[in-house]
Peer 1: 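For reference, the structure I am asking about is given below.
FYI, side chains are in, hydrogens and waters are out, and symmetry mates aren't considered; it's all heavy atoms of this structure. Positions are given from 1 along the sequence.
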Amino acid sequence: MALPAPKPVDGATLFKQQCGVCHTLSSSEPVRQGPPLSKVVGRRAGSVDGFRYSAGFAKADFTWDEAKLDAWLTNPQELIPGAVMAYRQAKPDVRAAIITYLKDN
């Protein structure tokens, strides 16, 4: 008997489970440890008004796109030295699902 095929990775569920503790997708919700991530794709790094970023973000001169988000989720401190984020995701399919979800929100 064959095993059932695994369900595709769901970005919304992954975001809730792995990112939602520190981030929201709404600027109307109270700020958590990390900045709100609504409309993060296309936004300049370190630019959410009122959020206090770590020192490394002052030197981050780029706009978030899929490649930067992938690098960030892989190793935040490598992309932005001095960044304060403990989360790392080694699995490319999980990173891709989260990034796709963020692009749509």
Peer 1: Would Val48 and Val21 show up in the same hydrophobic cluster when neighbours are defined by side-chain heavy atoms closer than 4.5 Å?
Peer 2: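 No, separate clusters.
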
Peer 1: Could you tell me the separation between the OG1 atom of Thr74 and the NZ atom of Lys91, rounded to the nearest 0.5 Å?
Peer 2: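 Result: 13.5 Å between the selected atoms.
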
Peer 1: Could you give the distance from NZ (Lys68) to CD1 (Ile99), rounded to the nearest 0.5 Å?
Peer 2: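 One gets 12.5 Å once the value is rounded to the nearest 0.5 Å.
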
Peer 1: For Ala90 and Pro92, work out which heavy atoms get closest and say how close.
Peer 2: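 That would be O-CD, 3.2 Å.
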
Peer 1: Rounded to the nearest 0.5 Å, what separates atom CG in Leu37 from atom SG in Cys19?
Peer 2: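 If we round to the nearest 0.5 Å, Leu37:CG and Cys19:SG are 7.0 Å apart.
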
Peer 1: Check salt bridge (Lys or Arg N to Asp or Glu O under 4.0 Å) between Arg43 and all other residues, then give those that pass, not counting sequence neighbours.
Peer 2: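 Not a single residue meets the salt bridge (Lys or Arg N to Asp or Glu O under 4.0 Å) criterion with Arg43.
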
Peer 1: Under 3.5 Å, side chain of Gln77 to main-chain N/O of Met85, donor-acceptor pair present?
Peer 2: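 Here the side-chain-to-backbone pair exists.
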
Peer 1: Please list, chain by chain and in numerical order, all residues satisfying salt bridge (Lys or Arg N to Asp or Glu O under 4.0 Å) with Asp93, sequence neighbours excluded.
Peer 2: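 Not a single residue meets the salt bridge (Lys or Arg N to Asp or Glu O under 4.0 Å) criterion with Asp93.
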
Peer 1: Using 30° and 60° as the class boundaries, would you call the ring planes of Tyr53 and Phe57 parallel, tilted or perpendicular?
Peer 2: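 Tyr53 vs Phe57 ring planes: tilted.
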
Peer 1: List for me each residue that meets side-chain hydrogen bond (donor to acceptor under 3.5 Å, both in side chains) alongside Thr100, sequence neighbours excluded, and say none if there are none.
Peer 2: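 Partners of Thr100 by the side-chain hydrogen bond (donor to acceptor under 3.5 Å, both in side chains) criterion come out as none, since no residue qualifies.
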
Peer 1: Is atom CD of Glu66 surrounded by more than 12 heavy atoms (other residues, nucleotides or ligands) closer than 6.0 Å?
Peer 2: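 No, because the 6.0 Å sphere around CD of Glu66 holds 12 heavy atoms or fewer from other groups.
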
Peer 1: Determine yes or no for a side-chain-to-main-chain donor-acceptor pair under 3.5 angstrom, with His23 supplying the side chain and Pro36 the backbone.
Peer 2: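 Side chain of His23 to backbone of Pro36, a donor-acceptor pair under 3.5 Å: no, none is there.
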
Peer 1: Between CD1 of Ile80 and OG of Ser54, what distance do you get to the nearest 0.5 Å?
Peer 2: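 Between Ile80 CD1 and Ser54 OG, I get 7.0 Å after rounding to 0.5 Å.
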
Peer 1: For Gln18, enumerate each residue passing the side-chain hydrogen bond (donor to acceptor under 3.5 Å, both in side chains) test, keeping only those at least two apart in sequence or located in another chain.
Peer 2: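 Listed in chain order: Tyr87, Gln89.
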
Peer 1: Which heavy-atom pair separates Phe51 from Gln33 by the least distance, and what is that distance?
Peer 2: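 The pair with the smallest heavy-atom distance is CZ-O, 3.1 Å.
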
Peer 1: Would you check if there is a donor-acceptor pair between the side chains of Thr24 and Arg32 at a distance under 3.5 Å?
Peer 2: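 Side chains of Arg32 and Thr24: no pair found under 3.5 Å.
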
Peer 1: Kindly compute the distance separating NZ (Lys16) from CG (Leu25), expressed to the nearest 0.5 Å.
Peer 2: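 The NZ atom of Lys16 sits 12.0 Å away from the CG atom of Leu25.
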
Peer 1: Please identify each residue that fulfils side-chain contact (heavy atoms from CB on, under 4.5 Å) with Ala12, with sequence neighbours left out.
Peer 2: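 With sequence neighbours excluded, Ala12 shows a side-chain contact (heavy atoms from CB on, under 4.5 Å) to Asp10, Tyr101, given in chain and number order.
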
Peer 1: Would Leu79 and Trp72 count as a side-chain contact (heavy atoms from CB on, under 4.5 Å) if you check the C-alpha gap in whole Å, the side-chain angles of each, and the deciding distance to 0.1 Å?
Peer 2: CA-CA 6 Å; Leu79 181 65; Trp72 175 253; 3.7 Å; yes

Peer 1: Rounded to the nearest 0.5 Å, what separation is found between the CG atom of Leu14 and the CZ atom of Arg95?
Peer 2: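 With rounding to 0.5 Å, CG (Leu14) is 12.5 Å from CZ (Arg95).
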
Peer 1: Can you find a pair of side-chain heavy atoms, one from Val41 and one from Trp64, that are under 4.5 Å apart?
Peer 2: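 The answer is no; the side chains never approach within 4.5 Å.
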
Peer 1: What pairs with Arg44 under side-chain contact (heavy atoms from CB on, under 4.5 Å), at least two apart in sequence or on another chain?
Peer 2: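 Testing Arg44 for side-chain contact (heavy atoms from CB on, under 4.5 Å), a comparison that skips the adjacent residues, returns Ser47, Asp61.
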
